[in-house]
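Right, one structure below, let's go through it.
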Amino acid sequence: MSDAAQCTISEQRGETGRPGVPLAFVHRARGEDAFVTDWQRTAAEGSFAVSGRWPGAHPFTPSVDLTYDPLLVAETMRQAGILIVHAAYALPLEYRFLLSKLRYSCVPELLRVDAWPADVDILVRCSDIVWRGLRPRSMKVAMTVRRGGNVVARGDVDAEFINPGTYVRLRGDRAVPRSWVSPAAPVRPLLAGRTRADDVLIAPTPDPCQWLLRVDTAHPVLFQGRKDHVPGMLLLEAARQAASALRSPTPFVPAGGEITFQRYAEFDVPCLIRAERPAADGGIRISGEQNGAPVFSATLQERALLDPPVEAGTLVGTGGRSM
């Protein structure tokens, strides 16, 4: 670890009860929503071992048929990547993460919830790094999640990192964080695959395959820290809810998914989310647009997209669209 990153971690170690991982290093404000616990380098260049723990129950991502929610797994991988960029590559906390693509794939039968929290190991590999001076400008991050020695998920992200001055120039007047509550009433929670109306992110329209995005910046899980645009993981959850509404009353569990972000989603512009009937491969395609311009496109399906193998082993070595 660089001296700069080590100093930053030392200064913030008191901000979390999780050893070695300040909440700020995973962009979380609440300990119960932070799923990574520690990290270390491995023998391979650009590879890191991250430890994680999934709670036995989580209010926003409850178990589905007694298995962990695949989007909780995807969030864990996202946090592992953010942690490594800050801790191992010394990216300052004030830099912005721009996520252009995220893919994940789970093996649902290996995600059974036990009576106690589940410890997981995440192998993080960073590649295609573009540098600006001593700091990374962009990179690809691939992750493999193991539980009890078995591969239970894989994922990867393409990310870019922007300094505060450049971000303000890019966003202009919209760079100011704000509060926002969408006025549209939600669909019935069960239609969106949820149990609480406060967690529903879609509102009905006359078109049964199209919904309006709903945003409430006071949501304690989806908004941790003030934002100037809709976070990417919220859009992924909205895509999942649209797929659930399309499939209702048949439950929909997105074991695999891919989402690409084309531009920032603004709070004060209606965002239309459209889902297409399942394709031949079983995937449901979801897209979002504002003022006729694409915001994101996603494919979610109930089988693993990346087909991660079930294998035993240990981690190698010893030791638009914000994320």
Side-chain angles (χ1 to χ4, degrees), residues 25-28 33-37 39 42 44 46-54 58 61 64 67-86 88 97-111 118-129 138-161 231-237 239-240 243 253-261 283-284 286 296-311 313 315-316 321-323:
F25 271 54
V26 292
H27 297 184
R28 300 287 86 183
D33 301 320
F35 306 127
V36 295
T37 58
W39 75 281
T42 71
S47 293
F48 308 87
V50 176
S51 302
R53 174 168 289 184
W54 293 330
H58 188 272
T61 51
V64 182
T67 65
Y68 282 104
D69 186 337
L71 293 197
L72 182 147
V73 181
E75 170 63 17
T76 303
M77 290 189 280
R78 185 189 76 96
Q79 291 183 19
I82 291 173
L83 167 64
I84 292 305
V85 173
H86 282 311
F97 283 61
L98 273 69
L99 188 63
S100 58
K101 179 178 289 187
L102 178 149
R103 295 191 301 166
Y104 74 91
S105 184
C106 302
V107 183
E109 57 267 26
L110 297 180
L111 296 178
D119 291 322
V120 295
D121 299 309
I122 306 128
L123 178 62
V124 178
R125 293 189 177 96
C126 302
S127 65
D128 298 342
I129 302 175
S138 64
M139 68 173 68
K140 294 181 180 294
V141 185
M143 291 147 288
T144 300
V145 183
R146 285 183 171 89
R147 178 187 184 190
N150 292 322
V151 172
V152 299
R154 285 182 174 152
D156 56 80
V157 299
D158 295 343
E160 184 179 352
F161 318 113
M233 292 303 284
L234 186 152
L235 295 176
L236 178 59
E237 170 62 26
R240 185 254 286 276
V253 180
E258 177 175 327
I259 184 167
T260 300
F261 302 96
I284 295 179
I286 308 100
F296 74 87
S297 58
T299 299
L300 301 176
Q301 51 191 115
E302 293 179 295
R303 66 175 181 82
L305 291 177
L306 303 181
D307 297 322
V310 178
E311 60 185 44
L315 289 170
V316 177
R321 308 148 312 186
S322 68
M323 299 172 71

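Numbers here are sequence positions counted from 1. Side-chain atoms are counted along with the backbone in the values below, which use heavy atoms only and exclude waters and symmetry mates.
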_Nearest non-hydrogen partners of P254 and P70, listed with the distance_ = O-CB, 3.2 Å

*If we only count heavy atoms from C-beta on, is the T76 to V73 side-chain gap below 4.5 Å?*
no

_Using a 3.5 Å distance criterion without hydrogens, assess whether the side chain of D69 forms a donor-acceptor pair with backbone atoms of L71._
yes

*Please work out which of the three classes, parallel, tilted or perpendicular, describes the rings of F97 and F161, given edges at 30° and 60°.*
perpendicular

*Look at the side chain of T67 and the backbone N and O of L111, then say whether any donor-acceptor pair between them is shorter than 3.5 Å.*
no

*Are any non-hydrogen side-chain atoms of W39 and I84 less than 4.5 angstrom apart?*
yes

*In Å, rounded to the nearest 0.5 Å, how long is the span from CE of M77 to SG of C106?*
5.5 Å

*Okay, side chain of T37, backbone of S51: is any donor-acceptor separation there less than 3.5 Å?*
yes

*asked:* Side chains of V157 and L99, heavy atoms from C-beta outward: is any pair under 4.5 Å?
replied: yes

*Run the numbers on I286 and L300 for side chain to side chain contact (heavy atoms under 4.5 Å, CB included), then give the verdict.*
CA-CA 8 Å; I286 308 100; L300 301 176; 4.0 Å; yes

*Exercise: identify the closest heavy-atom pair between I82 and V26*: CG2-CA, 4.1 Å

_Nearest 0.5 Å, please: how far is CD in E75 from CG in L236?_
9.5 Å

_Donor-acceptor pair, side chain of Q79 and main chain of D33, under 3.5 angstrom_ = yes

*May I have the step-by-step check of side chain to side chain contact (heavy atoms under 4.5 Å, CB included) for H27 and H86, ending in yes or no?*
CA-CA 10 Å; H27 297 184; H86 282 311; 2.8 Å; yes

*Before giving the answer on side chain to side chain contact (heavy atoms under 4.5 Å, CB included), spell out for L102 and M233 the whole-Å C-alpha distance, their side-chain angles and the decisive distance to 0.1 Å.*
CA-CA 10 Å; L102 178 149; M233 292 303 284; 4.0 Å; yes

*Check for a donor-acceptor pair, side chain of T42 on one end and backbone N or O of S47 on the other, with a separation under 3.5 Å.*
yes

_Salt bridge check, D121 against R146: does any charged N sit closer than 4.0 Å to a carboxylate O?_
no

_So, taking the atom named SG in C126 and the one named CE in M143, what distance separates them when rounded to the nearest 0.5 Å?_
8.5 Å

*Using the six-membered ring wherever Trp is involved, compare the ring planes of H58 and F35 and label them parallel, tilted or perpendicular (cut-offs 30° and 60°).*
perpendicular

*To the nearest 0.5 angstrom, please state how far the CG atom of D156 sits from the OH atom of Y104.*
13.0 Å

*Report the distance from atom OG of S127 to atom CE of M139, rounding to the nearest 0.5 Å.*
9.0 Å

*Intermediate values then yes/no, side chain to side chain contact (heavy atoms under 4.5 Å, CB included), T144 and V151*: CA-CA 7 Å; T144 300; V151 172; 4.0 Å; yes

*Do any N or O atoms from the side chain of R125 and from the backbone of V141 form a donor-acceptor pair under 3.5 angstrom?*
no

_Side chain proximity check, T260 to F296, heavy atoms < 4.5 angstrom_ = no

*Between K101 and D158, is a salt bridge (Lys or Arg N to Asp or Glu O under 4.0 Å) present by the stated rule, with each step listed?*
CA-CA 5 Å; K101 179 178 289 187; D158 295 343; 5.3 Å; no

*Minimum-distance pair of heavy atoms, taken over all atoms of E302 and A255*: O-CB, 3.2 Å

*Measure the CD-CD distance between Q301 and E258 for me, rounded to the nearest 0.5 Å.*
10.0 Å

